[in-house]
Amino acid sequence: MSACVPTRATEPTDSATPERLHQPHSPPPAPRRRLHLAGADVSASIAVFLIALPLSLGIALATGAPLQAGLVAAAVGGLVAGRLGGSALQVSGPAAGLTVVTADLIHRYGWRTTCAITVLAGLAQLGLGCLRVARTALAVSPAIVHGMLAGIGVTIAVAQLHIVLGGTPQSSVLANLLALPAQVAAGRPAALVVSALTLTLLLLWPRLPGRAGRLLRKVPAALVAVSGATAVASLSGLTLPRVELPSWSSHALAGLPEGPALGLVAAVLTITLVCSVQSLLGAVAVDKLVAARAASPDGAEPGDGTSRATTHSTPRVARSDLDRELLGQGAANIVSGALGGLPIAGVAVRSSANVRAGAVSRNSTMLHGVLVVVAALLMVPILELIPLASLAALVMAVGIQMVSLHHIRTVTRHREVLVYAVTTLGVVFLGVLQGVALGIAVAVATALHRLAHTRITHDEKEGVHHVRVRGQLTFVAVPRLSRALHLVPHGAPAVVELDGSFMDHAAYETLQDWQKTHTAHGGTVEFGGRRPGLRIAEPVIPHADEDADCRCGPWTPWRNHQCELTSLAPANTGDADRRRTGTLIATATGTHIPTGAGAAESTTPEGPGAKSADVAPDDTDEGGNRDTDRKETDPPPTAHQLVRGISAFQRNTAPLVRDELERLAREGQRPSQLFLTCADSRLVTSMITSSGPGDLFVVRNVGNLVPLPGEDSGDDSVAAAIEYAVDVLEVRSITVCGHSGCGAMQALLNAEPGEAHSPLKRWLRHGLPSLERMADDGRPRVRLAGRTAADAVEQLCLTNVVQQLDHLRAHASVERALRAGALELHGMYFHVGEAQAYLLTEGKVFDHVRPVDVPA
């Protein structure tokens with residue numbers, strides 16, 4: 001019997017057709033590959049083509065290159081980079097970020113040498129791709145990248161403003177600014193009208209309202225702006241400079257590079273750097289867009305009622321291979337430069353349009369390149385009708401958009417605005433390579449300053465000496481640290497707060513040696529701040545009295561969450577000695593308990609909230625002596641719990657969140673969501689939504705109820721919060737969250753008709769429509785995915801969420817925002833015992849939210 005068993009049966013063959021067999025132990029013949037072109041790719045390629053065509057001409061115009069060079073670069077970017085690149089959905093072509101660099105090269109060396117520089121830059125990209133160093137490009141600070149793009153955007157906008165006004169740009173930003181008054185004085189109305197029309201259409205087209213607007217917005221704004229301006233200019237007979245596409249037979253190809261060798265090397269490095277960084281960052285951005293689309297089909301946000309089952313029907317798009325992307329960009333630049341095209345890089349506008357149009361493979365990018373070739377060959381008479389002023393206005397708008405306010409806010413929040421500003425100004429006034437070099441130098445200097453700049457202070461409060469360290473603790477700060485530590489007298493209690501994330505060996509040894517010396521002289525040392533778990537040696541925690549600070553960790557049992565005072569000292573040890581030898585121990589449940597006088601030796605509670613078992617039934621110690629001073633059942637006073645909790649926050653948590661809270665205090669609250677949930681103490685909204693300060697505008701009440709507007713409830717607080725959140729804070733979503741075991745729903749079910757109307761009963765009458773809805777057999781039952789409600793209380797909890805969403809829609813502010821498409825409503829159910837969240841879908845089914853639903 002043959003050892004090779006065929007994987008499928010041999011089908012009968014016709015006698016006239018020779019049967020093709022392969023030898024045993026040889027690989028089976030590869031299946032024939034068929035070109036499969038998805039409809040989504042076809043529609044996406046058309047959308048990208050309609051954006052790429054006017055932009056490619058405009059960028060070529062802005063660089064001073066032949067206009068055909070823009071079309072060549074767009075076609076090669078689609079066909080070569082689209083086929084060989086590592087990002088399936090990134091669209092490559094002539095990029096606005098390369099405009100300034102290319103214009104400078106053309107001015108210095110001429111067009112043919114610029115093409116040769118593009119070819120050499122492509123070869124350099126191939127070399128970098130083979131060395132597999134693409135990931136290192138992502139190590140460049142985002143502040144430098146955004147500053148470079150902003151500087152290029154400013155340069156483009158200032159230069160194109162001259163063409164918008166009907167003139168010609170100068171060679172530098174400074175010259176353009178100086179010549180601008182004369183350009184305005186010699187105003188040319190025809191060019192100004194066409195440019196203004198182009199900018200107006202660009203601005204207003206994406207904001208068309210209503211259903212008709214949603215349909216019209218599918219046509220790219222860039223195409224509408226240029227087409228509209230061209231039609232007006234042609235029909236009105238305006239005399240304007242227009243696009244001139246010479247015959248392809250006279251198209252200039254790359255020539256041998258001519259010029260100083262050092263200048264040519266610098267030019268090649270500049271093109272390589274800008275193209276590579278922009279393409280790699282673009283590929284990463286495309287991955288994020290694809291992940292967001294996969295988590296939210298048809299552009300819907302997760303949780304907006306769209307069934308997640310549809311995500312499985314969308315073909316999966318692989319994550320970008322950055323080294324292959326660099327190889328693909330290099331090959332595209334070689335081909336583009338050789339054919340007389342502009343340098344090529346990944347383009348953010350076209351790539352995002354490709355993803356949002358529903359592209360599922362690289363076929364959309366390649367097909368858009370084919371369409372550009374067809375347009376360049378067959379649409380020359382139409383393209384030559386386009387006024388240059390319209391293209392200049394389009395490119396000027398792109399340049400302005402490159403100066404992103406969002407990026408400025410981001411770098412400001414991360415204290416890198418100096419790097420951003422220096423890079424931007426350097427690019428504007430010195431050039432791209434010089435500006436980037438300046439930005440890198442400032443970024444390195446800033447990082448070194450942060451590493452070396454450490455603030456160390458010492459002060460005394462109520463006999464306790466506090467040494468605070470702000471910043472990274474390195475050997476540079478050791479002398480100042482040593483001086484501050486020696487200000488603490490022998491035998492005094494000390495607290496060292498380390499508000500930093502790094503400590504080198506020299507600083508570690510300094511702290512360790514000082515601690516040993518200080519504790520040997522009878523002093524106590526406690527470490528806190530950003531490194532609360534740090535133990536330099538065996539820490540001795542001071543507990544002077546029963547008000548000692550609680551050292552509970554963040555995940556200790558929460559019920560009561562209080563520290564008890566215990567002692568490991570012998571019974572005959574004095575109070576002072578027992579306090580001096582106090583240390584940190586933990587119960588069986590993990591609760592940290594500072595030791596002190598008058599407490600038991602061991603604790604073994606059965607669980608959170610269980611009665612402490614640390615006292616023997618007869619209240620005797622090991623020697624049989626009764627401890628008459630101990631009070632087993634006396635809990636710490638509530639005020640002491642509050643003070644201890646606040647103290648723990650100030651010491652452990654406040655240093656971590658102080659910078660963020662300072663920013664929120666400065667900027668004001670800008671929440672994106674209104675979260676309306678029950679007042680139940682077990683619902684921690686920030687925990688179950690992974691939110692932080694400033695993220696949620698939270699309204700809590702008994703039963704997560706939303707009274708209908710206009711009702712005489714005697715309490716307008718919920719309606720006022722809704723109106724404030726929607727009209728003033730402009731939240732984008734409202735979530736009504738119910739939960740398992742809701743006491744309000746239990747009270748609704750158990751309510752008797754003749755009961756006295758207490759404040760609670762009067763409030764719960766807003767939940768009566770939920771009871772009626774649940775009892776209505778004509779309505780489909782609200783249920784959980786995969787199972788029915790466990791009991792009537794859970795069924796009412798689920799129904800109540802749906803009913804309160806209906807109440808929300810009746811509020812005028814909510815109704816207006818929903819009609820304008822500015823607001824979304826979500827229903828949520830949280831099962832406390834399972835720690836499981838459920839989101840409401842269109843079918844009145846609460847579906848699981850699983851970790852796999854979160855995009856990578």
Side-chain angles (χ1 to χ4, degrees), residues 51 55 90 95-97 138 140-157 199 202-203 205-207 217 221-222 274 277-293 295-296 299 301-302 345-356 395-428 435-436 439 442-443 446 659-673 691-697 729-733 821-822 824 855:
I51 297 173
L55 279 177
Q90 177 163 248
L138 302 181
V140 179
S141 169
I144 297 175
V145 177
H146 298 322
M148 177 189 74
L149 295 178
I152 291 172
V154 170
T155 307
I156 292 172
L199 292 174
L202 271 176
L203 181 65
W205 191 259
R207 293 171 172 79
R217 287 199 300 266
V274 178
V277 172
Q278 183 168 341
S279 300
L280 294 175
L281 292 176
V284 173
V286 167
D287 285 344
K288 294 180 181 178
L289 289 175
V290 172
R293 185 183 69 177
S296 151
E301 293 296 330
V347 190
V349 175
R350 278 162 263 181
S351 300
S352 60
N354 192 36
V355 175
R356 291 186 176 122
V395 177
M396 184 180 74
V398 172
I400 294 173
Q401 290 171 356
M402 291 171 71
V403 185
S404 170
L405 293 178
H406 171 71
H407 292 155
I408 293 175
R409 284 195 294 266
T410 301
V411 297
T412 302
R413 187 163 60 246
H414 291 90
R415 297 183 298 169
E416 292 187 332
V417 68
L418 179 62
V419 178
Y420 179 92
V422 168
T423 305
T424 300
L425 295 175
V427 169
V428 169
V436 170
V442 173
T446 302
D659 292 342
E660 180 67 9
L661 291 180
E662 285 177 354
R663 181 187 68 81
L664 291 173
R666 186 170 59 250
E667 298 178 359
Q669 63 168 332
R670 299 175 184 174
S672 60
Q673 303 176 57
S691 305
D695 291 341
L696 299 180
F697 187 72
L729 299 179
E730 297 180 347
V731 296
R732 296 191 297 272
S733 71
E824 298 173 352

* **Nearest heavy atoms of Pro206 and Leu203, plus distance in Å** => CD-O, 3.6 Å
* Nearest heavy atoms of Ser279 and Gly346, plus distance in Å -> OG-N, 3.0 Å
* Asked: Residues two or more places apart in sequence or in another chain: which of them pass salt bridge (Lys or Arg N to Asp or Glu O under 4.0 Å) with Arg663?
  -> Glu660, Glu667
* N/O donor-acceptor pair under 3.5 Å between Thr424 side chain and Gly147 backbone -> yes
* Pairwise distance NE2(His406) to NE2(His146) - rounded to 0.5 angstrom -> 7.5 Å
* To do: Identify the heavy atoms of Ile51 and Ala353 that sit nearest to each other, and give their distance.
  => CD1-CB, 3.5 Å
* **Which atom of Ile144 lies closest to which atom of Ala443, heavy atoms considered** => CD1-CB, 4.0 Å
* What distance separates Gln401 CD from Met396 CE, expressed to the nearest 0.5 Å? -> 11.0 Å
* Any chance you could lay out the side-chain contact (heavy atoms from CB on, under 4.5 Å) test for Gln278 and Leu149, step after step, and finish with the verdict? => CA-CA 9 Å; Gln278 183 168 341; Leu149 295 178; 4.3 Å; yes
* Mind listing the closest non-hydrogen atom pair of Leu664 and Gly694 along with its distance? => CD1-N, 4.0 Å
* Kindly indicate, with the supporting measurements, whether the criterion side-chain contact (heavy atoms from CB on, under 4.5 Å) is fulfilled by Val154 and Val403. => CA-CA 7 Å; Val154 170; Val403 185; 3.8 Å; yes
* Residue pair Leu696 / Gln673, side-chain heavy-atom distance below 4.5 Å -> yes
* Test side-chain contact (heavy atoms from CB on, under 4.5 Å) applied to Gln669 - qualifying residues, sequence neighbours left out -> Pro671, Phe697, Tyr724, Leu729
* Asked: What residues, two or more places apart in sequence or in another chain, satisfy salt bridge (Lys or Arg N to Asp or Glu O under 4.0 Å) together with Glu730?
  -> none
* Would you say Val395 and Ile156 make side-chain contact, with heavy atoms under 4.5 Å? -> yes
* Structure fact -> Looking only at heavy atoms, the pair that brings Val427 and Thr155 closest together is O-OG1, 4.4 Å
* Would you say the side chain of Thr446 lies within less than 4.5 Å of the side chain of Arg415, judging by non-hydrogen atoms? -> no
* Checking Gln90 side chain against Val286 main chain: does a donor-acceptor pair fall under 3.5 Å? -> no
* When rounded to the nearest 0.5 angstrom, what is the spacing between CG in Leu418 and OG1 in Thr412? -> 11.0 Å
* List the steps, then state whether side-chain contact (heavy atoms from CB on, under 4.5 Å) holds for Met402 with Ile152. => CA-CA 8 Å; Met402 291 171 71; Ile152 291 172; 3.9 Å; yes
